[in-house]
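Worksheet: one structure, shown below.
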There are 2 protein chains.
Amino acid sequence: MAVTRDDVARLAGVSPATVSYVINNGPRPVSEETRAKVLWAIEQLGYQPNVMAQNLRRQRTNTIGLVFTTIERHLTHPYFVDLLTSVGEECARHGFDLLLSTCTDRALEQSIYERLVGGRRVAGVILTGVRHNDARIAYLSAEGFPFVVLGRPEPDEDFPYIDVDGAQGTDEAVQHLIDLGWRRIAFIGLSAELICADDRLAGYRRALERNGLPYDPRLVANMHTTEEAGHQAMAGFLALDEPPDAVLACSDELALGAMNAAQEQGLVVGRDVGVIGFDDIPSAAYCRPPLTTIRQPMYEIGTRLCRMLIQIIEGEEPEERQVVLPPTLVVRESCGARRCSS
Amino acid sequence: MAVTRDDVARLAGVSPATVSYVINNGPRPVSEETRAKVLWAIEQLGYQPNVMAQNLRRQRTNTIGLVFTTIERHLTHPYFVDLLTSVGEECARHGFDLLLSTCTDRALEQSIYERLVGGRRVAGVILTGVRHNDARIAYLSAEGFPFVVLGRPEPDEDFPYIDVDGAQGTDEAVQHLIDLGWRRIAFIGLSAELICADDRLAGYRRALERNGLPYDPRLVANMHTTEEAGHQAMAGFLALDEPPDAVLACSDELALGAMNAAQEQGLVVGRDVGVIGFDDIPSAAYCRPPLTTIRQPMYEIGTRLCRMLIQIIEGEEPEERQVVLPPTLVVRESCGARRCSS
DNA sequence: CTGAAAGCGCTTACAG
DNA sequence: CTGAAAGCGCTTACAG
């Protein structure tokens, strides 16, 4: 059995309340002598306060929830590791714990959030992969529960978020392709239900238009972000009567799949076809040829999102509430940058 | 304010205890009429039991703890994503939550565990990266707290674990190199404090000896598993009077760094020098040339470890207690397998 | 079949 | 400066 506050009180010869006051180091004055006795007893017994009891009594949990969705054993977001690392570190800095839930089936999603939120298992949640008419956001808003979001809302919604300017990213990427001489540029977008999918498509179209290039819907696909999907989409494009000479994919996994599809047809990526990805995952630097890609500062985003959420939980006014960060185009060799420099 | 059990009782016109009995669906008989009233009231109010209160009263938490160590913003274990995914899914299957703690500084490690364990924040923990004389294991054993370990113990210790036979993996890898004609094989091992580092070194030496090849300590390095470290180790080897013609690295990140170091010196990997990694991370399939590597079934290990831990927490006899799984050599092109087939 | 009551391990106003 | 007491939201033996 674990040692409790009462054990400490007994050994120290004081009341249980006094033990609490010493632990919490609150405003209440405690004599040095009493404090010393209590600290000694705590040391002796190796006492640690029961966190559940503390939380129940204090009516707060100091725990942040993060639900990640897996499809076929895979995280659906390639950036998840950076997010997790930064959120975890920021939580630790503020004395918060991080509760992770896995969601393998969309049908269960709502019940996971209801348990976490309604059961007061966590004090706030971080949402990723926001969708159109997202039921999670409707629920959290209705409950008045603290949450922050990775990604922007729809126009009629208003909540705290941090996002990367996806349109700027895809616009710059397309411009980069055009500057290098590619003219027929395909687009492998994200699942259409995701809000950020619109944004990225808009940047793609904007850049085409600005350069007087036509928009051809046959050159646009919406996929879940896996390598297989990228392969499939690219194979489809290459089978067209007028195949594209370049492709912009909305994740590096999609881009890697697209590269493989092109290579299988004997095309040399960077010479016969240009490829750009999104995210800058580790493989992007190591694949052949190295992948030009749009980098999102995920570590920084995780840190700031977490800080924002904790401020909201604590009832403070958050220092920042709605942030859009610029992405960075990381130029490597997959769209022929090297060809130009030679 | 959240709705409580008493609100439900009031609305349903029954005692609070009855609400509990309905929720817990226990052995106690409840009339259909009463049950219906209670369920109706729960539905009306959107009631969710307070998880902290339940846990405190039941004297258990249904939460599993996983502490991951970050160095310079990076997870120290490349396999962490697979582990996390599988553990998360297995937890969900059993109604457990997963609590993640970040440890950025070894000095804080002990206090993290003390809070988690002593504070009864979690019901059991999964340990990774076991070290010689690991203080965490000593602490958990002394507390009699449920834990399982990814990795084998030292000979005098006895605890539940799942491990991959690292010696078998490195032995096979070295044999593979030798079979392909490489003769002077370097070894980039893991941090010497890790128990699994010994194992892998032993496999390396065993294979050399069996083939009548000398063991040269100048060809052995122990590194943290980062790409930079791999680069540094390989650069050191290549600067020797008698540089190696092949290298076995104990993680793919180390191997990728080693490959880069070799390529910087103008060597063609797979022709001038053979490289093998460990883990089979995604980049291993995409790097150039694709990396031959030793694959660990991490997803499966996570699932089984988690199941084992939950059985121990529930007081059952675990179906399995100490498991050693074989790794698989995934042959790609970095040690010249293709050269042989041509 | 159902209710009143004890108690999980704490925090914190209240009284001295 | 310190203690006795109420209560956070539940579960579960005990009594009817």
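The sequence lines fix the lettering, A, B, ..., with proteins before strands; numbering per chain opens at 1. Values in this document were obtained by computation on a predicted structure and should not be read as measured data.
Look at CZ on A/R60: it is 10 Å from P on C/dT11, rounded to the nearest Å. The nearest whole Å value for the distance from the CG atom in A/L56 to the C1' atom in D/dT11 is 13 Å. Here D/dA6 presents its P atom at 19 Å from CD of A/Q59, a figure rounded to the nearest Å. Here the P atom of nucleotide C/dA4 and the CG atom of B/D6 are 12 Å apart, to the nearest Å. If you measure from atom CZ of B/R121 to atom P of C/dC8, you get 21 Å, rounded to the nearest angstrom. To the nearest angstrom, P of D/dT11 lies 4 Å from CG of B/N24. Between A/Y21 atom OH and D/dA5 atom C1' the separation is 11 Å, expressed in whole Å. When rounded to the nearest whole Å, the span between CD1 of B/I23 and P of D/dC10 equals 7 Å.
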Walk me through it: do B/R60 and B/N62 pass the test side chain to side chain donor-acceptor pair (under 3.5 Å)? CA-CA 6 Å; B/R60 57 196 176 79; B/N62 278 26; 2.8 Å; yes

May I have the step-by-step check of ring pair (Phe, Tyr, Trp, His ring centres under 6.0 Å) for B/F68 and B/F80, ending in yes or no? CA-CA 9 Å; B/F68 64 101; B/F80 207 83; 5.0 Å; yes

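Proximity note for B/S20 (side chain, C-beta onward) versus C/dT12, D/dT11, D/dG9: the nearest is D/dT11. Taking only side-chain atoms of A/T18, from C-beta outward, the nucleotide of D/dC10, D/dG3, C/dA13 with the closest atom is D/dG3. When distances are taken from the side chain of A/Q54 to each of C/dC10, C/dG3, D/dT12, the shortest belongs to C/dC10. The side chain of A/N50 sits closest to C/dC10 out of C/dT2, D/dT11, C/dC10.
Using modelled atom types and a 3.5 Å distance limit, the side chains of A/R121 and B/N55 yield no donor-acceptor pair. For the 3.5 Å distance criterion, the side chains of A/E193 and A/N133 fail to qualify, holding no donor opposite an acceptor.
The distance from atom CG of A/L11 to atom CG of A/L45, rounded to the nearest 0.5 Å, is 5.0 Å. For the atom pair A/C91 SG and A/E89 CD, the distance stands at 10.5 Å (nearest 0.5 Å).
Across the interface with DNA chain D, nearest-nucleotide mapping of B/P16 and A/R5 shows A/R5 to be the residue nearer the 5′ end. Across the interface with DNA chain C, nearest-nucleotide mapping of A/R57 and B/R57 shows B/R57 to be the residue nearer the 5′ end. Both B/V30 and B/A53 lie near DNA chain C, and the one whose nearest nucleotide falls closer to the 5' end is B/V30. In terms of position on DNA chain D, the residue among A/E32 and A/A17 whose nearest nucleotide sits closer to the 5' end is A/E32.
Taking 4.0 angstrom as the limit, A/S31 places a side-chain polar atom (N or O) nearer than this to OP1 or OP2 of D/dT2. OP1 or OP2 of C/dT2 sits under 4.0 Å from a side-chain N or O of B/T34.
C/dA13: no Watson-Crick or G-U partner with both key distances under 3.5 Å is found in any strand. With a cut-off of 3.5 Å on both pairing distances, C/dA4 has no Watson-Crick or G-U wobble partner at all.
Below the 3.5 angstrom threshold, one finds no donor paired with an acceptor across the side chain of B/R58 and the base of D/dT12.
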